[in-house]
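The block underneath contains the structure these notes are about, expressed in structure tokens.
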Amino acid sequence: MLAQFPDPAEALIKAGTIDLTKVMALIVQKYGGTSVGSVERIQAVAQRVYKTFKAGNSVVVVVSAMGKTTDGLVKLANEISTNPNRREMDMLLSTGEQVTIALLSMALQELGQPAISMTGAQVGIVTEAEHTRARILHIETDRLSRHINQGKVVVVAGFQGISSAGEMEITTLGRGGSDTSAVALAAALRANFCEIYTDVPGILTTDPRLVPEAQLMDEITCNEMLELASLGAKVLHPRAVEIARNYGVPLVVRSSWTDAPGTWVISPQPQGRSLINLEIARPVDHVEFDTDQAKVALLRVPDKPGVAARLFGEIARQQVDVDLIIQSIHEGNSNDIAFTVTTPILKRAEAVAAAIAPALRNQSHPKLEEAEVMVEQNIAKISIAGAGMIGRPGVAAKMFATLAAAKVNIQMISTSEVKVSCVVDATECDRAVAALCTAFEIEVRESLCTNSPLPNTPLVRGVALDINQARLAIRQVPDRPGMAARLFGLLAQNNISVDMIIQSQRCRVIDGIPRRDIAFTVCQVDGESTKEMLTQVAAELGWGEVVLDSAIAKVSIVGAGMIGQPGVAAKMFEALAQHQINIQMIATSEIKISCVVSQEQGVQALQAIHAAFDLAGSEKFVVPA
Ligand code: ADP
Ligand code: ASP
Ligand code: MG
């Protein structure tokens, strides 16, 4: 396995700071909360670290707070304040990890292993001054290397850092941030690999707590893992995957309780990035465009289980490969579903849609509500892509603002955590691409969306459930350049990350202005405040009502093998239809399909989809408490 990765010796020579004659490999190991949840478990971790060191390796260990310590600290703070000061939150939460580093170092010393504990500040993990969600700027490696060269195991507190000289504020990276600390340290030290030890044997096809038949995978590409992690698979933090991908850090997730090999996250060859501004350099890697696209929309289809399954089932039977699919929120009891296809197969796609439309007549209002097919030929899809946009709401906002400034109207928006795609008029494509390339300082590249799947990649690698999202909809937003920019600019200013964004296809003229609804999902904790903020500006901007639904769940499938393969979406929708689960929203990107369903049906939806793609194994996993 290791042969695929950069030669260990070469990596160490490049690092220049480690004495080559003394080490076999430099390994960063990270142990999560459950793995260090008791004194006995800390002692077991010490044994594993000791064994790794004795085998001739240098070891840097990153640890989380013990068990549910961080949750306990958050609870304490909330007993004192409903809105605790963020600086003081960091001061409080960073204490959890400090307990573990001291105890683990003592446990190692008891085994006769020289070890030293270090806080993030002592190491020099320098971050932005953004409390509770700081990004790492750079890591000083001198002190670490000195201890390593003296034959010590260095035990570093995960999840924390320090803002740059002058301020010296203790910061934290955001919940789950120890994964990020570990991979960033591995990148900075140019370690041979980074091992994430946790309470499951590796990355599984889905969360084994929800689907015990989930199967362990040997490997997964970093792009797939990035999507899975940001869609709810908390086994790895997406920022950690992002760093591994950007710096080519070999990364493996393994069980703390066994010696099984675990799951490797495969990154492309490193591109020789600077270690300065580690987490904030270049939010966008490239601009892609595809002018060979056409859009088919079905307006006013009934809002009930099985409709998407029927439509896309038929489309798959006709071997039509669809690219983007979006289904917007419903008004009354009907929905709009739109999808894009490549121009050569438009006729076939249109025929399928037209044939099925009469059958999709809305039963409750047969006269008023008749499904209508709308085709648009002269469109182009323009995307910005890059792992650096995760958790940075300003990036999508900047894309929309750039398009608005170039007077380009956006017809469809579809997002994933690492990509934002907009459908625009084909005649505006060149102008839009040029403006985006200037704004994000990048070179143009042809669309990556080739119609051939990657070799040997499963159609669906994994399934994820996210129940921490809320859906917001703004009714009747005037359809003109700049509206999406305005909306997402406001969200970005308030630091609200938007996940799925969908514009309705239906355009209604009210007061002489064409209008569309825009729906998007945000983190549940931001739901109420976002609704309030938007309601305040709605009248002034000429928007309609702002509607919030917090009882939603998002279920997603991810797989690089689905590119260019007809029928994957149909299968997912069919699995939901069979269980009478209504789909409220659909959004896709090249390697994922997400559906919003009601929260109470979330787990059932996950289980149904996992089974439909034959991901279940014969063994059942029981995650130890
Ligand atoms: P740690 O404390 O070690 O960081 P986490 O609780 O953050 O551990 O992450 C491990 C948990 O992630 C598992 O116990 C499991 O319930 C959950 N999980 C969610 N999706 C997956 C998946 N696809 N594969 C494995 N574990 C998953
Ligand atoms: N202790 C922190 C948390 O619970 C960081 C981590 O464990 O990754 O979020
Ligand atoms: Mg974790």
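Index from 1, following the sequence. These numbers were taken from a predicted model, which means no experiment stands behind them. Just follow the structure's listing: the first ligand is 1, and inside any ligand the first atom is 1.
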Discussion item. Using a 4.0 Å cutoff against the non-hydrogen atoms of Thr70, which atoms of ligand 2 qualify?
Written reply: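 Counting from 1, the qualifying ligand atoms are 1 (N), 2 (C), 3 (C), 4 (O).
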Discussion item. Suppose I only count heavy atoms of Gly177 and a 4.0 Å limit; which atoms of ligand 2 are within that range?
Written reply: 5 (C), 8 (O)
Discussion item. One residue to check: Ile196. Relative to ligand 1, which of side chain, backbone, both or neither has a non-hydrogen atom less than 4.0 Å away?
Written reply: neither
Fill in: Region of Val200 that comes within reach of ligand 1 [heavy atoms, distance under 4.0 Å]
side chain
Discussion item. Side chain or backbone, does Gly174 bring an N or O within less than 3.5 Å of an N or O on ligand 2?
Written reply: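 Not met; the criterion fails.
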Fill in: Close N or O approach (Asp179, ligand 2; < 3.5 Å)
no
Short side-chain to backbone donor-acceptor contact, [X] and [Y], under 3.5 Å:
| X | Y | result |
| --- | --- | --- |
| Asn494 | Ile496 | no |
| Arg48 | Ser256 | yes |
| Glu128 | Ala134 | no |

Between [X] and [Y], does at least one N-O distance fall below 4.0 Å, as a salt bridge requires?
| X | Y | value |
| --- | --- | --- |
| Glu242 | Arg245 | no |
| Arg86 | Glu130 | yes |
| Lys30 | Glu195 | no |

Worksheet item: Partners of Lys75 by salt bridge (charged side-chain N to carboxylate O under 4.0 Å, His left out), sequence neighbours excluded?
Response: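 With sequence neighbours excluded, Lys75 shows a salt bridge (charged side-chain N to carboxylate O under 4.0 Å, His left out) to Glu79, given in chain and number order.
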Response to the item:
In terms of its nearest heavy atom to atom 3 (C) of ligand 2, the top option of Arg175, Gln160, Glu97 is Arg175
Worksheet item: Which is closest to atom 13 (C) of ligand 1 in terms of heavy atoms, Val235, Asp199, Asp179?
Response: Asp199
How far is [atom] from its nearest protein heavy atom, and which residue and atom name does that atom have?
| atom | result |
| --- | --- |
| atom 7 (O) of ligand 2 | Ser64 OG, 2.9 Å |
| atom 2 (O) of ligand 1 | Gly33 N, 3.2 Å |
| atom 24 (N) of ligand 1 | Leu204 N, 2.9 Å |
| atom 15 (C) of ligand 1 | Asp207 OD1, 3.3 Å |
| atom 6 (O) of ligand 1 | Lys234 CE, 3.0 Å |

Discussion item. Let's go through Gln160 and Thr119 carefully: what are the C-alpha distance in whole Å and the side-chain angles of both, what is the deciding distance for side chain to side chain contact (heavy atoms under 4.5 Å, CB included) to 0.1 Å, and is it a yes or a no?
Written reply: CA-CA 8 Å; Gln160 56 175 257; Thr119 63; 3.4 Å; yes
Discussion item. Is there a polar contact, in the sense of an N or O pair closer than 3.5 Å, between Thr198 and ligand 1?
Written reply: yes
Discussion item. For ligand 1, which is the ligand I care about here, please tell me if Ile203 has any N or O atom under 3.5 Å from one of the ligand's N or O atoms.
Written reply: no
Worksheet item: Are Lys30 and ligand 1 in contact, using a heavy-atom cut-off of under 4.0 Å?
Response: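 The answer is yes, since Lys30 has a heavy atom less than 4.0 Å from ligand 1.
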Item to complete: Report yes or no: does Gly202 have a heavy atom closer than 4.0 Å to ligand 1?
Response: yes
Practice prompt. May I ask whether Gly176 has any heavy atom positioned less than 4.0 angstrom from an atom of ligand 2?
Written response: yes
Discussion item. Once you restrict to heavy atoms under 4.0 Å, what part of His237 touches ligand 2? Side chain, backbone, both or neither.
Written reply: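 For His237, no heavy atom sits under 4.0 Å from ligand 2.
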Worksheet item: How far apart are the closest heavy atoms of Asp285 and Gly386, and which atoms are they?
Response: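 The answer is OD2-CA, 3.7 Å.
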Worksheet item: Can Asp179 and Lys234 be said to form a salt bridge (Lys or Arg N to Asp or Glu O under 4.0 Å), step by step?
Response: CA-CA 10 Å; Asp179 295 338; Lys234 79 169 197 176; over 6 Å; no
Practice prompt. Quick one: sort the Phe193 and Trp264 rings into parallel, tilted or perpendicular, breaks at 30° and 60°.
Written response: perpendicular
Item to complete: Indicate yes or no: at least one non-hydrogen side-chain atom of Ile326 is less than 4.5 angstrom from one of Ile586.
Response: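 SC-SC contact between Ile326 and Ile586 ruled out.
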Practice prompt. State the atoms of ligand 1, each with its element, that fall below the 4.0 Å cut-off from a heavy-atom position in Arg209.
Written response: 14 (O), 15 (C), 16 (O)
